[in-house]
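For reference, the structure discussed in these notes is given below.
Every number for a ligand or one of its atoms is a count from 1 in the order of the listing. In what follows, every heavy atom counts, from backbone to side chain, and hydrogens, waters and symmetry copies are set aside.
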Amino acid sequence: MDKYWFTYDDIHRTVRDLAGRVKASGFETDAIVAIGSGGYIPARILRTYINKPIWAVGISYYDENDNPTDNPRKMQWIDEVERKLAGKRILLVDEVDDSRTTLEYCIRELLSHKPAEVAVAVLHNKRKEKRGTLPPEVTRYFTGLDIEDRWVKYPWDAVDIDEQDANAAAARTRA
Ligand code: G4P
Ligand code: MG
């Protein structure tokens, strides 16, 4: 089964489209919350279109002894960020909505700090049955691109960026 290969330019265009949808909806973002690490680069590009502060949070699937865990844990949830959430309209950004487990976990954590509203913006949503659910408090959900349930190769994971771009070009020719 083919993978999706995206270049940084592809990502930038998808973020542009995503930002366009957020703006068109009338959602007034107070702050962008980026879920690390995949959400960091999309969040920064998004700020070019929606110029609001970025608050970064990290999620880990490893415990303090570096053993893998079944459930995500909070990492780098700075007290100051948690205090600031109250009453704010948050745009939660991640690169991919896959099983939705991480996303659900993050949304629930954010909601516990009483933001005014939480909207979710993901670069890529895989069309599939999800294990996680979006809590009813989430009033808006935006995607840059809805894709099939296939593995995505992101440019920031590439050790050889030229090879990444070549694979992306080859995939475009096949499509
Ligand atoms: P979700 O709630 O956003 O759907 O995430 P899920 O828990 O299903 O995903 C677990 C990890 O797998 C996440 O990374 C997610 O980014 C990554 N992932 C899922 N599908 C793909 C894919 O097609 N391509 C790539 N490259 N990664 C994928 P994470 O543990 O948060 O790590 P990080 O890479 O964001 O630091
Ligand atoms: Mg991620």
Side-chain angles (χ1 to χ4, degrees), residues 1-15 17-18 21-22 32-47 54-78 81 90-112 118-168 170-172 174-175:
M1 203 162 61
D2 258 9
K3 293 172 182 156
Y4 287 103
W5 294 86
F6 295 118
T7 66
Y8 279 112
D9 285 5
D10 293 329
I11 299 294
H12 204 111
R13 289 185 197 100
T14 303
V15 174
D17 296 348
L18 179 61
R21 286 178 193 128
V22 174
I32 296 166
V33 172
I35 308 175
S37 63
Y40 292 164
I41 295 173
R44 174 57 188 88
I45 302 172
L46 193 67
R47 200 171 76 92
I54 297 175
W55 300 339
V57 299
I59 291 292
S60 175
Y61 277 88
Y62 295 87
D63 65 16
E64 38 296 301
N65 303 317
D66 235 17
N67 296 313
T69 59
D70 289 336
N71 297 306
R73 295 189 313 124
K74 292 196 289 182
M75 296 271 293
Q76 302 162 336
W77 283 64
I78 302 124
V81 170
I90 301 300
L91 186 61
L92 184 65
V93 176
D94 207 352
E95 90 279 38
V96 62
D97 178 349
D98 179 30
S99 74
R100 207 168 265 178
T101 359
T102 308
L103 214 47
E104 178 181 356
Y105 175 83
C106 287
I107 295 164
R108 293 197 186 282
E109 282 297 329
L110 290 181
L111 287 170
S112 72
V118 174
V120 174
V122 293
L123 215 50
H124 300 121
N125 170 45
K126 292 191 194 173
R127 285 195 218 93
K128 65 191 284 187
E129 201 163 316
K130 308 286 183 178
R131 274 193 288 136
T133 51
L134 298 177
E137 291 91 336
V138 174
T139 46
R140 301 166 204 252
Y141 172 80
F142 306 100
T143 67
L145 209 61
D146 292 287
I147 61 173
E148 288 170 39
D149 186 13
R150 292 195 257 140
W151 191 255
V152 180
K153 298 287 276 182
Y154 287 102
W156 47 81
D157 285 323
V159 174
D160 186 337
I161 191 65
D162 299 307
E163 196 178 286
Q164 172 85 11
D165 288 352
N167 280 319
R172 263 196 300 277
R174 282 197 301 275

Worksheet entry | Minimum non-hydrogen distance to atom 5 (O) of ligand 1, winning option of Thr102, Asp157, Leu103, Val120 | Thr102
Fill in: Exam field: side chain Lys128 to backbone Glu148, donor-acceptor pair closer than 3.5 Å
no
Discussion item. Any heavy-atom pair between the side chains of Asp97 and Lys130 that's under 4.5 Å?
Written reply: yes
Worksheet item: Which protein heavy atom lies closest to atom 31 (O) of ligand 1, and at what distance to 0.1 Å?
Response: Gly36 O, 4.2 Å
Item to complete: Write out the residue and atom name of the closest protein heavy atom to atom 30 (O) of ligand 1, then the distance separating them to 0.1 Å.
Response: Tyr61 CD1, 3.9 Å
Worksheet item: Taking Glu95 for the side chain and Leu123 for the main chain, is one N or O donor matched with an acceptor at less than 3.5 Å?
Response: no
Fill in: atom 35 (O) of ligand 1 [closest protein heavy-atom partner, distance rounded to 0.1 Å]
Gly38 N, 2.9 Å
Item to complete: For residues His124 and Ile11, determine if any side-chain heavy atom of one lies less than 4.5 Å from a side-chain heavy atom of the other.
Response: yes
Worksheet, complete the sentence: Within 4.0 Å of some non-hydrogen atom of Asp97, the atoms of ligand 1 are 4 (O)
Worksheet item: Taking the side chain from Arg131 and the backbone from Thr101, do they hold a donor-acceptor pair closer than 3.5 Å?
Response: no
Discussion item. Under 4.0 Å from a heavy atom of Ser99: which atoms of ligand 1 are those, numbered in the order shown and with their elements?
Written reply: 4 (O), 6 (P), 7 (O), 8 (O)
Discussion item. Please classify the Lys130 to ligand 1 contact at 4.0 Å (heavy-atom distances, strictly less than): side chain, backbone, both or neither.
Written reply: neither
Discussion item. Using a 4.0 Å heavy-atom cut-off, which part of Ile59 comes near ligand 1: side chain, backbone, both, or neither?
Written reply: neither
Worksheet item: Looking only at protein heavy atoms, which one is nearest to atom 19 (C) of ligand 1, and how far off is it?
Response: Asp98 OD2, 3.3 Å
Fill in: Min N/O separation Glu95 to ligand 1 under 3.5 Å
yes
Worksheet item: Which class fits the ring pair Tyr154 and Phe6: parallel under 30°, tilted 30 to 60°, perpendicular over 60°?
Response: tilted
Discussion item. Is any side-chain heavy atom of Val118 closer than 4.5 Å to one of Arg108?
Written reply: no
Worksheet entry | Nearest-neighbour protein heavy atom for atom 20 (N) of ligand 1, which is reported as residue plus atom name and distance | Lys126 NZ, 3.1 Å
Worksheet item: Who's the nearest protein heavy-atom neighbour of atom 24 (N) of ligand 1, and how far?
Response: Val152 O, 2.8 Å
Worksheet item: atom 27 (N) of ligand 1: protein heavy atom closer than 4.0 Å?
Response: yes
Practice prompt. Within a distance under 4.0 Å of any heavy atom of Arg100, pick out the atoms of ligand 1 and give their elements.
Written response: 1 (P), 2 (O), 4 (O), 8 (O)
Worksheet item: Do Asp149 and Asp98 have side-chain heavy atoms sitting under 4.5 Å apart?
Response: yes
Worksheet item: Do the side chains of Trp55 and Val57 get nearer than 4.5 Å, heavy atoms only?
Response: no
Response to the item:
atom 21 (C) of ligand 1 has as its nearest protein heavy atom Trp151 CZ3, 3.3 Å
Practice prompt. State whether any protein heavy atom lies less than 4.0 Å from atom 11 (C) of ligand 1.
Written response: no
Fill in: Test item: protein heavy atom less than 4.0 Å from atom 2 (O) of ligand 1
yes
Worksheet item: Just checking, any donor-acceptor pair under 3.5 angstrom between side chains of Thr14 and Asp17?
Response: no
Worksheet item: So which protein heavy atom does atom 36 (O) of ligand 1 come closest to, and at what separation?
Response: Ser37 OG, 2.4 Å
Worksheet item: Under a 4.5 Å cut-off applied to non-hydrogen side-chain atoms, are Val122 and Tyr141 in contact?
Response: yes
Worksheet item: Looking only at N/O atoms, are Glu104 and ligand 1 under 3.5 Å apart anywhere?
Response: no
Worksheet item: Given side chains that start at C-beta, do those of Val93 and Arg47 come closer than 4.5 Å, heavy atoms only?
Response: no
Fill in: Heteroatom distance test (Tyr154, ligand 1): nitrogen or oxygen, under 3.5 angstrom
no
